[in-house]
Q: 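The structure follows.
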Amino acid sequence: MRQTGGLKERLGRVKKTRWVRFGIVSVIFFAWVVWLGSWWVSIFWLLLADIYLTQFIPWNWWKFSKSSTVRTVMSWVDAIVYALVLVYFLFLFVGQNYQIPSSSLEKTLLTGDYLWVNKMVYGPRVPQTPLHFPLAQNTLPGGIKSYIEWPQWAYHRLKGVRNVQRGDIVVFNFPCGDTVTTRVNNPDFYHLVAMYGADAIYSDPATYGRVVWRPVDRRDAYVKRCIGLPGETVKLVNGTVYINGKALPEPQNMQRNYIVETNGTAISEDLFEKMGVSKEGQSMSQMEDGSLGKHLPDGSLLYVLPLTKKMVATLKARPYVKQVEVMTDDQMGDEDYLMTYPVGVNKRWTHNNYGPLWIPKKGATLRLTTANLPYYVRVIRTYEGNTVEVKGHTIYINHKPATSYTFKMDYYWMMGDNRDNSSDSRYWGFVPEDHVIGTPMFVIVSFDKDKRFPANIRWNRIFIDANPDK
């Protein structure tokens with residue numbers, strides 16, 4: 001029945017059960033407002049009061065339509081809208097599901113894992129781009145943007161349980177995802193510019209697509225392990241990570257690339273499957289004829305495989321395996337110093353031998369020179385919103401000479417457990433705190449892309465801990 005009459009008359013007709021529901025919703029709403037810390041949002045309580053009590057706005061007009069088609073369609077629309085609003089708030093403030101698309105964290109997390117990511121551990125971010133479709137990160141089918149860039153709210157994180165800790169697996173927005181090409185996602189825009197030049201990228205939309213800018217919370221989601229914390233110094237020597245000069249323990253499932261030599265006997269598919277070497281991992285040893293392993297003059301076979309220490313022990317126990325050695329930069333013919341962060345700087349840092357590099361910390365002041373500016377200019381300019389120029393030997397920040405800079409945010413150093421096959425901080429630098437989304441709690445479900453349904457379901461991974469090293 002439609003509500004009519006004045007405020008007093010309308011309130012008088014409200015059933016007790018509806019008052020109870022309104023009371024419960026009001027308590028939840030104001031608890032959320034307190035947590036949010038933005039009291040102006042309280043004005044929306046009047047909207048709840050009208051929905052549950054007064055109904056000056058005819059929210060359920062369609063229920064009284066004479067057309068059965070209108071009633072049927074609008075009942076579905078009503079249910080979908082309620083569901084989307086619920087999903088919107090759930091995904092923003094509680095948690096969200098994410099898929100592992102690559103092998104960068106194997107064997108801790110596998111390609112095809114679907115994770116439940118808890119946003120409340122570090123405290124959820126108030127949406128910086130509030131007007132967006134809740135089931136899409138940045139695009140809808142057809143390449144249409146899933147968000148409206150205006151309004152953009154300032155970064156604000158609600159109170160969480162704790163800060164990011166070393167060893168946490170963290171989901172975050174890709175720091176170099178501020179500018180992207182719509183057709184080429186990997187390598188990122190900045191590596192494409194370093195390789196081919198900006199003019200080539202902008203002038204060839206047929207190859208690279210349009211160049212577009214994305215807000216922080218609409219950038220692609222990445223997942224890596226936190227290795228370095230704000231204020232620490234990170235360094236890698238032959239693949240070993242040092243923090244403030246002390247070697248870090250390695251994650252139990254960490255992988256490195258190894259050269260495996262056999263006496264000519266091929267490693268069987270059964271052994272690959274038993275060890276958990278995926279088709280993607282085997283492809284590192286794939287020859288042009290489709291076979292695995294490089295044949296040597298003495299009849300031996302050489303493989304290049306990503307392996308954990310446990311997998312190495314399994315191979316060494318096979319009588320036909322002659323040796324298993326971790327690959328060095330020289331063996332890889334490694335010239336990735338050209339692409340390690342910061343790109344374009346004249347240095348000889350590789351993914352195995354990197355640094356030392358200090359990680360910015362909120363409130364810490366760094367003495368700036370033209371020598372160290374390239375390592376922090378992206379932080380100062382892109383992440384913290386300043387202008388940076390160099391004239392001669394003088395650095396100008398916001399058009400004023402600067403010999404130092406005080407950082408506004410904390411930053412983190414993230415790396416994959418598949419150390420030799422991971423695009424991580426060694427290639428795109430620091431992860432700002434405003435890019436941090438949350439931490440995976442468990443695997444919801446997992447699918448092996450190398451198999452067909454239903455054999456592709458990894459039953460042993462459903463609901464397992466997403467970070468057994470913590």
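Computed over heavy atoms, backbone and side chain alike; hydrogens, waters and symmetry mates excluded.
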Q: Rounded to the nearest 0.5 Å, how far apart are NE2 of H156 and CG of D434?
A: 13.5 Å
Q: Side chains of S203 and D199: do they bring a donor and an acceptor to under 3.5 Å?
A: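 S203 vs D199: no donor-acceptor pair found between side chains.
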Q: Would you please say whether a donor-acceptor pair under 3.5 Å links the side chains of T365 and T406?
A: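 The answer is yes; a qualifying pair exists.
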Q: Judged by modelled atom types alone, do T439 and D168 share a side-chain donor-acceptor pair under 3.5 Å?
A: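 Their side chains do not contain a donor-acceptor pair, so the 3.5 Å distance test is not met.
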Q: Do N173 and R125 have side-chain atoms, one donor and one acceptor, less than 3.5 Å apart?
A: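 On atom types as modelled, these side chains qualify, holding a pair under 3.5 Å.
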Q: Among Y375, W349, Y427, exactly one meets ring pair (Phe, Tyr, Trp, His ring centres under 6.0 Å) together with Y354. Which residue is that?
A: W349
Q: Y98 pairs by side-chain contact (heavy atoms from CB on, under 4.5 Å) with which of I444, I437, V223?
A: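 For Y98, the side-chain contact (heavy atoms from CB on, under 4.5 Å) test succeeds with only one of I444, I437, V223, which is I437.
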Q: Using the ring of Y147 (Phe, Tyr or Trp, six-membered ring only), decide whether R214 places NZ or CZ under 6.0 Å from its centre and within 45 degrees of its axis.
A: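 Not satisfied by the 6.0 Å and 45° rule.
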Q: For N386 and N398, does a side-chain donor sit closer than 3.5 Å to a side-chain acceptor?
A: yes
Q: Which pair of non-hydrogen atoms, one from R157 and one from E433, has the smallest distance, and what is that distance?
A: NH2-O, 2.7 Å
Q: Does either side chain, that of S146 or that of Q137, offer a donor lying less than 3.5 Å from an acceptor on the other one?
A: no
Q: What's the shortest heavy-atom distance between P205 and Y202, and which atoms?
A: CD-O, 4.1 Å
Q: What I want to check is whether the side chains of T207 and D204 have a donor and an acceptor closer together than 3.5 Å.
A: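 D204 and T207 do have a side-chain donor-acceptor pair below 3.5 Å.
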Q: Can you classify the ring geometry of F93 versus W32 as parallel (below 30°), tilted (30 to 60°) or perpendicular (above 60°)?
A: perpendicular
Q: When you check the side-chain N and O atoms of W428 and S423, is any donor under 3.5 Å from an acceptor?
A: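 Yes, S423 and W428 have a side-chain donor paired with an acceptor closer than 3.5 Å.
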Q: Please report whether the ring centroid of F407 lies less than 6.0 Å from that of Y405.
A: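 That pair passes the under 6.0 Å test.
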Q: For the pair W40 and W153, name the ring-plane relationship: parallel under 30°, tilted 30 to 60°, perpendicular over 60°.
A: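 Perpendicular, since the angle between the ring planes exceeds 60°.
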Q: Could R218 and E149 be called an ion pair, given the rule that one side-chain N must be under 4.0 Å from one carboxylate O?
A: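 Judged by the 4.0 Å cut-off on N to carboxylate O distance, R218 and E149 do not form a salt bridge.
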Q: Do N138 and D220 pair up side chain to side chain, a donor and an acceptor below 3.5 Å, judged on atom types alone?
A: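 There is such a pair (donor and acceptor under 3.5 Å, judged by atom type) between the side chains of N138 and D220.
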Q: Kindly assign one of parallel, tilted or perpendicular to the pair Y196 and Y208, based on the angle between their ring planes and the thresholds 30° and 60°.
A: tilted
Q: Walk me through it: do F133 and Y88 pass the test ring-ring contact (aromatic ring centres under 6.0 Å, His included)?
A: CA-CA 8 Å; F133 191 80; Y88 178 87; over 10 Å; no
Q: For Y114 and F447, take the angle between the two ring planes, folded into 0 to 90°, and tell me which bin it lands in: parallel under 30, tilted 30 to 60, perpendicular over 60.
A: perpendicular
Q: Would you please say whether a donor-acceptor pair under 3.5 Å links the side chains of D178 and Y383?
A: no
Q: So F430 and Y341, would you call those rings parallel, tilted or perpendicular, with 30° and 60° as cut-offs?
A: perpendicular
Q: Do you see a donor-acceptor pair shorter than 3.5 Å between the side chains of S446 and D113?
A: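 Yes - a donor-acceptor pair under 3.5 Å links their side chains.
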Q: With a 6.0 Å cut-off on the ring centroids, do W45 and F22 count as close?
A: yes
Q: Scan side-chain atoms only and decide if D78 and W62 contain a donor-acceptor pair under the 3.5 Å cut-off.
A: no
Q: Are the ring centres of Y222 and F174 closer than 6.0 Å?
A: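 That pair passes the under 6.0 Å test.
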